[in-house]
2 protein chains.
Amino acid sequence: MAERTTTGHRAAPEHTHPDDVPVLAALAALADPVRIALVRELAGSPVWTRSCGSFDVPVGKAALSHHFSVLRGAGLVEQRDEGPRRVNRLRREEFDARFPGLLALVLREE
Amino acid sequence: MAERTTTGHRAAPEHTHPDDVPVLAALAALADPVRIALVRELAGSPVWTRSCGSFDVPVGKAALSHHFSVLRGAGLVEQRDEGPRRVNRLRREEFDARFPGLLALVLREE
DNA sequence: CCGAGTGTTCGATGAAAACCATACACTCCG
DNA sequence: CGGAGTGTATGGTTTTCATCGAACACTCGG
């Protein structure tokens, strides 16, 4: 209702630090095939090079956007606006410090 | 249908070895508050001492039975029939060998 | 052999989550 | 400034999953 001042995608994405993420949330975030694919593909690319739309997953834009939102909320991904596109970074060190070995586990079997 | 020869709970529970468990399944199994509680409580008890009904979780028997089924399928729990009750064992070594650190992650914060 | 205790199965219900199509916001380039 | 490219928000559908109640199977102790 109302409050439609500026609802674009330029609101500076909300990030959650891995330290503030419960284990359950981390596991839930990774317990999805699409999100696992995103994380793996992201891990195989240089930092800040992959825009959201550049991933090879079988879902539409809306669902994709939602998945990235979940990954952000789990402290797995950091996003930055670069021109018209939103580029991503896997929070390797930070996430691994909070959940040692978890990321390695997911990446170990691509 | 039919096939109702022996549907009790004495059919020797089907077990899945951790080695045969996909990462996704392991994560999905642990991405549930009740199952996490079961695993933690089980980890804090001597082996083969806890029957299914002896856990302090806020769900009925049916749901509980289902949760144990999931844990078995993820290679997390082994069950054995002991008289009228079914006792449990956490597959620490085996599961940790397959998914190093994952169990520790869940147990680290009780 | 019956009854209490234990756990599984079935069917149904409700809530959560994934998904899509559409509409919109923002950036850039021509 | 207008259009193409990119991502988000919303609303509604579908699927998935946790849960319950009830019926059943099994074991053991009177």
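Side-chain atoms are counted along with the backbone in the values below, which use heavy atoms only and exclude waters and symmetry mates. Just so we're on the same page: letters track the sequence lines, and every chain starts at 1.
Linking ILVMFWY side-chain heavy atoms closer than 4.5 Å, directly or via other members, places L107(A) and L76(A) in a single hydrophobic cluster. Hydrophobic clustering of Ile, Leu, Val, Met, Phe, Trp and Tyr side chains at less than 4.5 Å, counting indirect connections, unites V34(B) with F68(B).
Atom CG in L24(A) sits roughly 14 Å away from atom P in dA16(C) (whole-Å rounding). To the nearest angstrom, C1' of dA9(D) lies 14 Å from CD of E14(A). Put simply, CZ on R85(A) is 17 Å from P on dA4(D), counting in whole angstrom units. Put simply, CG on L64(A) is 12 Å from P on dT6(D), counting in whole angstrom units. Across the protein-nucleic acid pair, R50(B) atom CZ and dT6(C) atom C1' stand 15 Å apart, rounded to whole Å. D81(B) places its CG atom 20 Å from the P atom of dG5(C), with the value rounded to the nearest Å. Put simply, CZ on R80(B) is 19 Å from P on dT6(C), counting in whole angstrom units. Atoms CD (E82(A)) and P (dG7(D)) sit 11 Å apart, rounded to a whole Å.
How far OG of S51(B) is from CD of Q79(B): 10.5 Å, rounded to the nearest 0.5 Å. Annotation: the span from R91(A) atom CZ to D96(A) atom CG amounts to 13.5 Å, rounded to 0.5 Å.
Neither OP1 nor OP2 of dT9(C) sits under 4.0 Å from any side-chain N or O of S65(B). The shortest distance between the side-chain N/O atoms of R86(A) and the OP1/OP2 oxygens of dT6(D) is not below 4.0 Å.
Summarising the local packing, CD of E109(A) is surrounded by more than 12 heavy atoms from other residues, nucleotides or ligands at distances under 6.0 Å.
For P84(B), taking side-chain heavy atoms from C-beta onward, the closest of the listed nucleotides dG7(C), dT27(D), dA22(D) is dT27(D). Distance from the side chain of R72(B) is smallest for dT8(C) among the nucleotides dT8(C), dG7(D), dT27(C). Which of dG21(D), dA21(C), dT6(C) sits closest to the side chain of A62(B) comes down to dG21(D).
Residues meeting the salt bridge (charged side-chain N to carboxylate O under 4.0 Å, His left out) test with R72(A), sequence neighbours left out: none.
What you find for A26(A) and V21(A) is that their closest heavy atoms are N-CG1, 3.9 Å.
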Readout for nucleotides 11-18 of chain D: B = base within 4.0 Å of protein heavy atom, S = sugar-phosphate only, - = neither; 5' to 3' it is -------S

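Using a 4.0 Å heavy-atom cutoff across all strands shown, S69(B) reaches no nucleic acid atom at all.
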